[in-house]
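So you know, we letter chains A, B, ... as the sequences are listed, proteins then strands, and number each from 1. Please read all numbers here as calculations on a predicted model, not as lab measurements.
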Protein chains: 2
Amino acid sequence: MPTLTAAQRREQARAAYNAYLATCPARQLLDRISGKWVSLLLNALADGPRRYSDLSRTVAGISQKMLTQTLRDLERDGLVSRTVTPSVPVRVDYALTPLGATLLPVVQAIKDWAETHIEEVMRARDDYDARHSAPTEHRA
Amino acid sequence: MPTLTAAQRREQARAAYNAYLATCPARQLLDRISGKWVSLLLNALADGPRRYSDLSRTVAGISQKMLTQTLRDLERDGLVSRTVTPSVPVRVDYALTPLGATLLPVVQAIKDWAETHIEEVMRARDDYDARHSAPTEHRA
DNA sequence: CAGCATCCAGGGGGATACTG
DNA sequence: CAGTATCCCCCTGGATGCTG
């Protein structure tokens, strides 16, 4: 009885996994895409393929090691494709796969949220610090 | 009366920060909310306030240390509120703040994406491993 | 240019014990 | 119940040097 719509099949797949469970594969995947560099790299690929050195410049502060390692992980997970052009010197382009493109809106939303709400968060921090440090005297 | 709409002010705030820059406060915030436990904890608070022990059970595998630490960070950043009821024994409830509620849809989308696409990702991994290991002969 | 290999410090994070 | 305090391991991830 394979009379399921694509949406129904997706729902079935989702219901079979639970990221709250430590041993569930979905939890590992969540950890992976929650990585420090993943959202920035995927965001950097939003407008099309990019070269290694290009990514290195765009995502400021990332080391070569982490750039390579994260790109490898993303490639292995099918989120990013790697294309080598055997010129001299070599040219390597990274691009989002169709699967990676489905994750893009989400990581864009995160980056966007951070940039949009950082000021509110900084105010909240000042407030918290003011109320929790300097507990001298009877404060209000 | 402001000469800018709320949307315009949000856009202006966003444009002032750039998460690609290593030293930008937005980058630090992005790192923070990209933490291993943040998305799971915020998701767990989606349906209303929850007690400490309740969260501990829901987010399987989290240690007391990380649970407390992450909740403190979220509280300091203004994403989560902490309410102590001085009964015996003490009762502590955590809940999303209005600011935290604005982040909820995003972290829900991530968790959902992981649960929905894990099977595709696992297939991609098998595929990658098959093509990159045992390159001695074709097929095994 | 686009990596890989190696070394190494720091801190993330688990386990355990104790407290109000 | 809801934490705090301590020990300590290991893995992340930066720095450096080398290669096709």
Side-chain angles (χ1 to χ4, degrees), chain A residues 20-23 27-41 44-45 49-77 80-95 128 132-133 135, chain B residues 20-23 27-41 44-45 49-77 80-95 128 132-133 135:
Chain A
Y20 284 134
L21 304 178
T23 56
R27 170 69 152 281
Q28 261 87 60
L29 179 56
L30 182 57
D31 290 347
R32 170 70 57 88
I33 61 182
S34 294
K36 190 177 178 180
W37 303 109
V38 172
S39 61
L40 286 172
L41 277 177
L45 293 174
R50 290 251 198 153
R51 303 182 58 172
Y52 182 89
S53 52
D54 193 4
L55 290 171
S56 178
R57 258 173 276 112
T58 299
V59 181
I62 192 172
S63 64
Q64 291 172 356
K65 177 178 176 179
M66 290 316 296
L67 179 55
T68 300
Q69 183 176 303
T70 307
L71 286 171
R72 283 290 176 283
D73 288 342
L74 292 174
E75 188 195 358
R76 191 172 102 98
D77 288 352
V80 157
S81 67
R82 178 173 181 270
T83 308
V84 181
T85 305
S87 52
V88 178
V90 186
R91 175 198 175 105
V92 179
D93 286 279
Y94 291 91
Y128 181 95
H132 286 76
S133 67
Chain B
Y20 285 133
L21 304 178
T23 55
R27 169 69 151 286
Q28 261 87 60
L29 180 56
L30 183 57
D31 290 348
R32 169 71 58 88
I33 61 182
S34 294
K36 190 177 180 181
W37 303 108
V38 172
S39 62
L40 287 172
L41 278 177
L45 294 174
R50 291 253 196 150
R51 304 181 57 172
Y52 182 89
S53 52
D54 192 6
L55 290 171
S56 177
R57 259 174 274 109
T58 298
V59 181
I62 193 172
S63 65
Q64 293 166 0
K65 177 178 175 179
M66 289 318 295
L67 178 54
T68 300
Q69 183 175 302
T70 307
L71 286 171
R72 283 291 176 286
D73 288 342
L74 292 174
E75 189 195 357
R76 192 171 103 97
D77 287 354
V80 157
S81 67
R82 179 173 180 270
T83 309
V84 181
T85 306
S87 53
V88 178
V90 186
R91 176 198 176 104
V92 179
D93 285 278
Y94 291 91
Y128 182 94
H132 287 76
S133 68

Please table the atom pairs, donor to acceptor, closer than 3.5 Å between any side-chain atom in residues 33-40 of chain A and protein atoms at least two apart or in another chain.
residue : atom : partner : partner atom : Å
S34(A)  : OG   : L30(A)  : O            : 2.7

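Partners of T58(A) under the side-chain hydrogen bond (donor to acceptor under 3.5 Å, both in side chains) rule, at least two apart in sequence or in another chain, are R50(A). Applying the side chain to side chain contact (heavy atoms under 4.5 Å, CB included) criterion to A95(A), with sequence neighbours excluded, gives P49(A), S81(A). Residues satisfying the side-chain hydrogen bond (donor to acceptor under 3.5 Å, both in side chains) criterion with R82(B), sequence neighbours excluded, are Y94(B). R51(B) pairs by the side-chain hydrogen bond (donor to acceptor under 3.5 Å, both in side chains) definition with nothing, not counting sequence neighbours. Annotation: side-chain hydrogen bond (donor to acceptor under 3.5 Å, both in side chains) contacts of Y52(B) (sequence neighbours excluded): T68(B). By the side chain to side chain contact (heavy atoms under 4.5 Å, CB included) test, R57(A) pairs with S53(A), D54(A), sequence neighbours left out. Judged as a side chain to side chain contact (heavy atoms under 4.5 Å, CB included), and not counting sequence neighbours, T23(B) has no contacts.
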| query | Quick one: what's the B/S/- string for nucleotides 3-15 of chain D, heavy-atom cutoff under 4.0 Å, read 5' to 3'? | reply | BB--------BB-
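A distance-only check finds no donor-acceptor pair linking the side chain of T85(B) to the backbone of S87(B) [under 3.5 Å].
For dA2(D), one of the phosphate oxygens OP1 or OP2 lies less than 4.0 angstrom from a side-chain nitrogen or oxygen of R51(B).
The list of salt bridge (charged side-chain N to carboxylate O under 4.0 Å, His left out) pairs with a residue in residues 65-76 of chain A, not counting sequence neighbours, reads R76(A)-D129(B).
The rotation axes computed at either terminus of the helix from dC1(C)-dG20(D) to dG20(C)-dC1(D) lie 50° apart, taking five pairs at each end and rounding to 10 degrees.
Bounding nucleotides for the chain B contact on DNA chain C, 5' to 3', at a heavy-atom distance below 4.0 Å, are dG13(C) to dA17(C).
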